[in-house]
Amino acid sequence: MTHLSGSSTDSPAGWDGGRSNGFVNGYHDGRDGRVNGSGAFGNRGSLRSDRGGRGGFKGRGGAYNPIQPVQNTGMNVGASAVAGTAAGWRSPETTRTGPNLWLPTKGWNSKCQSFALLCLFVCARYTDGLTPPTPTPPPPRSELFSGSNTGINFEKYDDIPVEATGHNCPPHIESFHDVAMGEIIMGNITLSRYTRPTPVQKHAIPIIKTKRDLMACAQTGSGKTAAFLLPVLSQIYTDGPGDALQAQYPISLVLAPTRELALQIYDEARKFAYRSRVRPCVVYGGADIGQQIRDLERGCHLLVATPGRLVDMMERGKIGLDYCSYLVLDEADRMLDMGFEPQIRRIVEQDTMPPKGLRQTMMFSATFPKEIQILARDFLEDYIFLAVGRVGSTSENITQKVVWVEESDKRSFLLDLLNATGKDSLTLVFVETKKGADALEDFLYREGYACTSIHGDRSQRDREEALHQFRSGRCPILVATAVAARGLDICNVKHVINFDLPSDIEEYVHRIGRTGRVGNLGLATSFFNDKNSNITKDLLDILVEAKQEVPSWLESLAYEHQHKSSTRGRAKR
DNA sequence: AAAAAAT
C-alpha cells in the first residue's frame, strides 16, 4: 500500500490490511444505494459538442486555474449554476449559508438519518432536470474499514533519510493534524486507524496541499497511496468541484499499470471519501464497459483507471479530462516505460487535459530509474523531488535469501519451502511466463496444495477471483506473473518466492515488496541459476544495501561478471 | 523473450 500502506506501490491499504471486499464477482456495480439513478443530466447533450473542448475555458473573465477553480461563475448552464447557488461545492470554511451538499449537514458524526434528510432535500430541490451527481450513501462501515495491520517495525521508518529538493519546498508535518485536511478526511483517517503518518506521507501531504508538482520515491509498503489520496481528496473537498459537475468530467485522475491495482486504489479512495460528496469511480479493461459507463454517469470526481480503457472511454466521449486538475501516476516509472509511454502521452498531452502548470501532477513509485526520471520531467512543472531512502532500495523489514537452484530442482525445492510454511500465512510465488504460471499451478494442485494463479491471459473475472481467494486465505498460495508485482497490498503475505528471478532489478524490488509492509516483517526467497547472470550485480548491491546475508558464490559471480561484461550498471534502459 | 494494457 501506498499508504501507510498507501502508496501504491504501496497503497494506503497497508494500514488496514488488505482490501475491503467491496466487490463481488469482479463487478462493482450496485455497491451503493442511489438517490436518483442515472440520467441526471439528460439535457446536457453530447460531451464534446456542448463544451467545445478547451474553449470552455474562455469567456470567463479571467485566467482559468483548474487547481483553484473559479466558483460560481454562472457560466455553466444547469448543474453548476444550481450547485453554486445551493452553496453546495464551496469551501466549508467560507460557506455556511445553506445546507452544504459537500459536507454532511451535521458534521462528521452525524448518522445515516442526516443522509436521508439530505437526500430528501436534494430530491425536492432538483426536480427540474438539473440534478447534481448522486451523493454516495454511506456503505456499511465494516465493509470499508477493516483492521489495521501496522507492524512492529513501524517506528523504524523514522530512521530512513529523506531528500526533498525543489524550489520552496514546504516543511513536512509530524501529525495528520498539522495540516488542514477537513473533518471528513480526519474522520476517515481515524476510522482507517492511521495514527501517525509514514515518512512519505509526512512530506508528500504538505507538498500536495500547497499545490506543487511532485515526483515521490519511497519504499514498497511505506504508505504511498494514502500519501496522494488524502491530500488530493482533501483538496477536492475544499475547492469543490468547480465546473466539473457533470459526471464525465473528473477533477482528479489516478493512472495505474494493472487492473487489480486500479481496483485497489479505488477501494482506498472509497474509504477516504466515506460520507463525503466526492464520488470515486474506476475503469479498466476486461470488465463490462456498459456497467462502468453507467457508474460514471452517476457522477465521478476522482477517476482511477488503467490507460487502455481510459483512452477507449475518452474516444467514446464518455470521459472528458478538460477539468482534471489533479493527475497522479502511480507506479510512475512503469507508466512511463516503453510499453505505456505512448498511451500516457495520448491521455495527458494529446487530449483536453489542462497542460502542466495548470494541472497538478504527482508521480509515485518505489523505483525510478534515472532515465525515466528525465523523461518524467516532460509532465512536471517546477516539481519537488522527494526520496525516502535511496530510490529503488528495499525495506529492511524483508529478509532476502538467494539460493542456487538448477531449473530441474526448482519444483522439489519449492515444495520444501511450502512445507515449512506456517498454516496461516500467505505465500506468493512469482514466475516469468504465463505458461509457467499455468504449469506450476497445475503441479502444485496435483501435489495437493490449495493454490491459485493469476496472469494476463486469464479472464478478468478469474483474475479478480484468484486474488480474492488468495487475500481471503482460501488459497494461501498464489502463483503469479509480473501482473502481481507492483502495488498490490495483501496483508499477511509472509513469503515471496521468486521461482524465476526477473531480468531487471526494479521488478525484483517490487515483487519482494509484496511482503514486509507497513512495519511488518517478511521473507523473500529467490531461486538463482545460470539463467540469471544478468541480474547478479544489481541483486548483490541490493542485498548489501539492505544488510542481508550475501552468499559467497553470488559475490564471486558478480566479480566475474564485472570482468566480462561491458554493459554493466545502467546502460540498459 | 516476456508481461502488461482496449476490443
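Residue numbering restarts at 1 for every chain, and letters A, B, ... go by the order of the sequence lines.
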If you round to the nearest 0.5 Å, how far is OH of Tyr326(A) from CG of Leu302(A)? 11.0 Å
Rounded to whole Å, how long is the line connecting atom [atom1] of [X] with atom [atom2] of [N]?
| X | N | atom1 | atom2 | answer |
| --- | --- | --- | --- | --- |
| Arg345(A) | dA5(B) | CZ | P | 22 Å |
| Glu506(A) | dA3(B) | CD | P | 19 Å |
| Asn498(A) | dA2(B) | CG | P | 19 Å |
| His510(A) | dA3(B) | NE2 | C1' | 14 Å |
| Asp288(A) | dT7(B) | CG | P | 11 Å |
| Asp457(A) | dA2(B) | CG | C1' | 11 Å |
| Met338(A) | dA1(B) | CE | P | 13 Å |
| Ile289(A) | dT7(B) | CD1 | P | 7 Å |

With the side chain of [X] defined as its heavy atoms from C-beta on, choose the nearest nucleotide among [options].
| X | options | result |
| --- | --- | --- |
| Asp312(A) | dA6(B), dA2(B), dA4(B) | dA6(B) |
| Thr481(A) | dA3(B), dA5(B), dA6(B) | dA3(B) |
| Arg309(A) | dA4(B), dA2(B), dT7(B) | dT7(B) |
| Tyr284(A) | dA6(B), dA5(B), dA3(B) | dA6(B) |
| Thr306(A) | dA4(B), dA2(B), dA5(B) | dA5(B) |
| Lys434(A) | dA5(B), dA6(B), dA3(B) | dA3(B) |
| Arg334(A) | dA4(B), dA6(B), dA1(B) | dA4(B) |

For Val254(A), which of Ile265(A), Leu329(A), Leu261(A), Val282(A) qualifies under side-chain contact (heavy atoms from CB on, under 4.5 Å)? Ile265(A)
So what does [X] touch, heavy atoms closer than 4.0 Å: a base, only the sugar-phosphate, or nothing?
| X | result |
| --- | --- |
| Arg259(A) | sugar-phosphate |
| Arg463(A) | sugar-phosphate |
| Gly456(A) | sugar-phosphate |

Note: [X]-[Y] ion pair, threshold 4.0 Å (strictly below):
| X | Y | result |
| --- | --- | --- |
| Glu441(A) | Arg446(A) | no |
| Glu297(A) | Arg294(A) | no |
| Asp438(A) | Lys435(A) | no |

